[in-house]
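One structure is given here, and the rest of the page talks about it.
Per chain, numbering begins at 1; letters A, B, ... match sequence-line order.
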Number of protein chains: 2
Amino acid sequence: MMQTPLILSSFIKRAERFFPEKMVISRTGEQTIQRFTYREWAKRTRKLSNALTQLGMEKGTRVGTFAWNHHRHLEAYFGVPCTGAILHMINIRLSPEHIVYVINHAEDEILLVDEDFLPHFEKMAPMLKSVKHIVVMSDSKDLPETSLENVHSYEALLEAASDEYDYPEDLDENTPAGLCYTSATTGNPKGVIYTHRGLVLHSYALGLADAMGLCERDIAMSVVPMFHANAWGLPFAGVFFGTTQVLPGPGFNPAVLLDLIEAEKVTITAGVPTIWLAALKELQQNPRDLSSLRVIVCGGSASPKGLIRAFEEKYNIPFIVGYGMTETSPLVSLSVLTSSMKDLTMDERIEIRALQGLVMPGLDIRVVNEEGEVPWDGKTMGELTVKGPWIASEYYKDERTEEAFKNGWLYTGDIAIMTEDGYLKLMDRTKDLIKSGGEWISSVDLENALMTHESVYEAAVVAVPHEKWMERPLACVVLNEGVTEDDSKKEELRDYLKGQFASWWVPDEVLFVKEIPKTSVGKFLKAALRVQLREQYSVN
Amino acid sequence: MMQTPLILSSFIKRAERFFPEKMVISRTGEQTIQRFTYREWAKRTRKLSNALTQLGMEKGTRVGTFAWNHHRHLEAYFGVPCTGAILHMINIRLSPEHIVYVINHAEDEILLVDEDFLPHFEKMAPMLKSVKHIVVMSDSKDLPETSLENVHSYEALLEAASDEYDYPEDLDENTPAGLCYTSATTGNPKGVIYTHRGLVLHSYALGLADAMGLCERDIAMSVVPMFHANAWGLPFAGVFFGTTQVLPGPGFNPAVLLDLIEAEKVTITAGVPTIWLAALKELQQNPRDLSSLRVIVCGGSASPKGLIRAFEEKYNIPFIVGYGMTETSPLVSLSVLTSSMKDLTMDERIEIRALQGLVMPGLDIRVVNEEGEVPWDGKTMGELTVKGPWIASEYYKDERTEEAFKNGWLYTGDIAIMTEDGYLKLMDRTKDLIKSGGEWISSVDLENALMTHESVYEAAVVAVPHEKWMERPLACVVLNEGVTEDDSKKEELRDYLKGQFASWWVPDEVLFVKEIPKTSVGKFLKAALRVQLREQYSVN
């Protein structure tokens, strides 16, 4: 067989050759939607490669992006790695200290930054050790006022650059293409390098009929930020398959997303549960025509069954839950239904949809405890481990590699069970598990159950210290608007759980809170919740 | 990223772990259908690996199969290459001389042979230089009477073997896995080596929503022989995705195939046009319920539009034409419809379906003439060249490599055009093109047009020498039963063509024949037709 490498530049060529008229639809401001054909986008991408090369980008150079989901970010997704350089997608929600850390740790030499974020960089600039150029990604060719040095206008650079660039066809497929940092429980973020090979194989997986079935006919909207785990790979795979891409840009809200779905006839979209919960609320107030949607993909944390039911039952849109993490490119599994499930009732179907699902073709998973792989019995918990060609093998220049990568497997730190059908169900993060009287209690199970109650908007369950049982669960609940926070409601919620769980699982106490702190990507941030609760409950 | 190799043993593990109850349905005789779960099939496959290892199979050993499509052949598809040995799928339709040639050239040490073919081997045995063992694949554990030495019963070997075998997980993905020989215009067949990497990537392509969308929910019947270009990859991809597989076994006919589709609720099937033409005829006489079929894939030679129309219009089954060859694993392109074609009329749709279609994600094609790539204008002809990770880079130990593999591209010997939409349309084999008065005439276009005429069952057009124009087309036509072969019919057919082609394309003469000679895989064998016509028309 030919030794044709699996590299991202082949995606640009395919989109440009075979789907030149398909569109990249980019919302760059509150009222601005820009449209580019793949022909135009490919030219702009090559112009970017030339412009950055002029600024000193070479093979291996790290180029950071600090940006929302828009066409320029998609140009950088290809214009940087196709030359052999490395795209570092910086998570804009990190703390300033961590942003400085990741830029210095990655040794970024060029940064591509959305105009909104420039004030940020002005403060951080003195701490950045490797950055030589800052390129401002705005619609205007004029540079904003700034105290920064070596600042360039993205559009001005592109205007001056040639649209011809011969991407190396013999680039080793194991060449690093991307770099993302993931938050650590303690300490600095940890970097994960993506290779061309890994991203190409991940893109194939997204196109499988057994996975998302992403294809040319799709109009795909990435709600997941492009600075977070490759926006779940949609931007890469979308170019590969000639999919129309809708990029929702800066400062979007549920109304904006729903308007885009309706106006652009989006067929597939992906985001975290909090996004879809908010979208559902908006939808109930201001209905839209969502009939173009063939699937919603949801991941990042557990999806409440009420959410799944609303979309599957009321809107007739398959709502597929997925599992992945920065270390896994990220797609590991999806709650697709197999042939044996075709006659399920709606209730049974939703039970399956709420699982993290079937592992993707090409990967393997094991849920393990001290004795090895746990039985597939739907109850024995263990730590999820993953292996495969789009799974990281290390943290970038980081001693913490050995904590997570052992014997050829990634230890995810997630506690899971396997159903008898081989479906993955996440129970908790290792650190979020509650160990009461020597037995494990899953905070996620309790949270999901609480969130199916009609009075509950959001809920998080954390461990609090207990003299006798070591730890006991505490439920922190945000009630729906208009619901009264009183003791009878607390008892009602506890009773509700008693109907579903062993009595010792039920939290001894329910605490009403105004909101659950969340991470930059909408996951419950239990560490922050614990900080808030520290004094009151001696939470660690 | 982890350096997890792309190897076939991962497919067995996936099918066995996640789809142990899915089925391999194997027709091994006229009235015999055997059913195995993937759990059973995987055990039998490992038993085969152990049994063959006992017979001396090592890494790199060539093991030949001489067999129909059945579960034992599928066991060999994995049981041989997963150990690091090489499966040589021998085309049973080759001439005895060529069979001896390919076995000796491949240096096969073990042969797995269907019982029906043993008499063949008794005659060839004295000429075979490398064969040490012959394993008879029959349902019985008793060996048939034979003059051959070192003959074993497949089932007896399996019975004695352990079902545990640790396939090497660190096998280099570029290790050869399979070997097929393809007929050459002149001389001996040419061998093509398939690697694990190539077959894994090809399997991903088959699963793409933009390709066949092969998936777990499918019930796939490979009509294409497993001794021909990997049965278009369905047996491999089927195991990967946990697809139910139906293998139609020896001596099937259209009635058997249609009965299997109806009884087993087949959802996808693949074969050459002659099979579907015959199936259509049978179907008209004895209707079946084909409502389970979601797609028919057709390739190997051009599909008459009348055939496509019948399935698309009357049976409402998408009929997708594909292109590939032994050298390309084989899938290169499929006539899938893109989003821009969703509002086509049935007539327009059939025009697209009859093309060879869009190139698969991961491959690239160029139609070239002396001046480089031809324009995509729907008329300029050139030779089709192909590149990609599941395209061969050479013929196995064969000097003819340099004729076909140049500058990193495979020169297919097929004359094609590209439509403005980037769809491939095959016009002819290089050697079948007719050059009349310095201009090219496509025999395939004329054949396809003739086959849409209500009186015509099959048609082949070949070049005959001509004093003035050098070559002129001659139409050889098989009429439908009951149609009278007379001069007025000849004129009618010529008039029919005149309405569709430039007058100089229309054959000067129409010849009625009883049948068109076909290759082992149902393609028109124009070389044989030319031999038949040689005396009468001085055909070369």
Least distance between heavy atoms, B:Ala209 atom then A:Gly213 atom: CB-O, 3.4 Å
Selection from B:Val336, B:Ile391, B:Leu206 maximising heavy-atom pairs under 4.5 Å formed with chain A: B:Ile391
Could you name the residues of residues 237-245 of chain B that have a heavy atom within less than 4.5 Å of a heavy atom in chain A? B:Phe240, B:Phe241
With a 4.5 angstrom heavy-atom cut-off, which part of B:Ile365 approaches chain A: side chain, backbone, both or neither? both
Looking only at heavy atoms and a cut-off of under 4.5 Å, which of A:Arg217, A:Glu169, A:Arg17, A:Arg197 has the most pairs with chain B? A:Arg17
Contact origin within B:Val359 toward chain A - heavy atom pairs under 4.5 Å: both
Minimum-distance pair of heavy atoms, taken over all atoms of B:Leu410 and A:Met2: N-CE, 3.5 Å
Check whether any side-chain heavy atom of B:Lys22 sits under 4.5 Å from a side-chain heavy atom of A:Ser339, and report yes or no. yes
Answer with side chain, backbone, both or neither: which region of B:Thr328 has an atom nearer than 4.5 Å to a non-hydrogen atom of chain A? neither
Enter the distance from B:Asp210:CG to A:Glu216:CD here, rounded to the nearest 0.5 Å. 6.5 Å
Examine whether an atom of B:Leu337 lies under 4.5 Å from a heavy atom of chain A, and if so say whether it belongs to the side chain, the backbone or both; otherwise answer neither. backbone
In terms of heavy-atom pairs under 4.5 Å, which option from A:Gly198, A:Ser329, A:Ser10, A:Gly362 contacts chain B the most? A:Gly362
Part of B:Thr195 lying under 4.5 Å from any heavy atom of chain A: both
What residue in A:Trp390, A:Phe405, A:Phe11, A:Phe18 has the most heavy-atom pairs under 4.5 Å with chain B? A:Phe18
Which one of A:Gly422, A:Gly408, A:Cys215, A:Ser203 has the most heavy-atom pairs closer than 4.5 Å to chain B? A:Cys215
Nearest heavy atoms of B:Met1 and A:Val192, plus distance in Å: CE-CG1, 4.2 Å
Return yes when atom NZ of B:Lys265 has more than 12 non-hydrogen atoms of other residues, nucleotides or ligands closer than 6.0 Å, and no otherwise. no
For A:Pro361, is there any backbone N or O sitting under 3.5 Å from a side-chain donor or acceptor partner on B:Tyr204? yes
Portion of A:Gln3 that has a non-hydrogen atom of chain B nearer than 4.5 angstrom: side chain
Turns out that what part of B:Asn174 lies under 4.5 Å from chain A's heavy atoms comes down to side chain
Quick check on B:Ile193 against chain A: is it the side chain, the backbone, both or neither that has a heavy atom closer than 4.5 Å? backbone
Contact class of B:Met341 relative to chain A, heavy atoms under 4.5 angstrom: neither
Select one option (side chain, backbone, both, neither) describing which atoms of A:Tyr423 are under 4.5 Å from chain B's heavy atoms. neither
Non-hydrogen atoms of chain A under 4.5 Å away: do they reach the side chain of B:Lys342, the backbone, both or neither? neither
Heavy atoms, side chains only, cut-off 4.5 Å: are A:Leu208 and B:Leu214 in contact? no
Can you tell me if B:Asp377 has over 12 outside heavy atoms packed within less than 6.0 Å of its CG? yes
Check whether B:Glu173 gets within reach of chain A through its side chain, its backbone, both or neither, counting any heavy atom under 4.5 Å. side chain
Check whether B:Pro5 gets within reach of chain A through its side chain, its backbone, both or neither, counting any heavy atom under 4.5 Å. backbone
May I ask you to test the A:Pro389-B:Leu6 pair for a side-chain heavy-atom distance under 4.5 Å? yes
Okay, B:Glu394 and chain A: the region with an atom under 4.5 Å from a heavy atom over there is neither
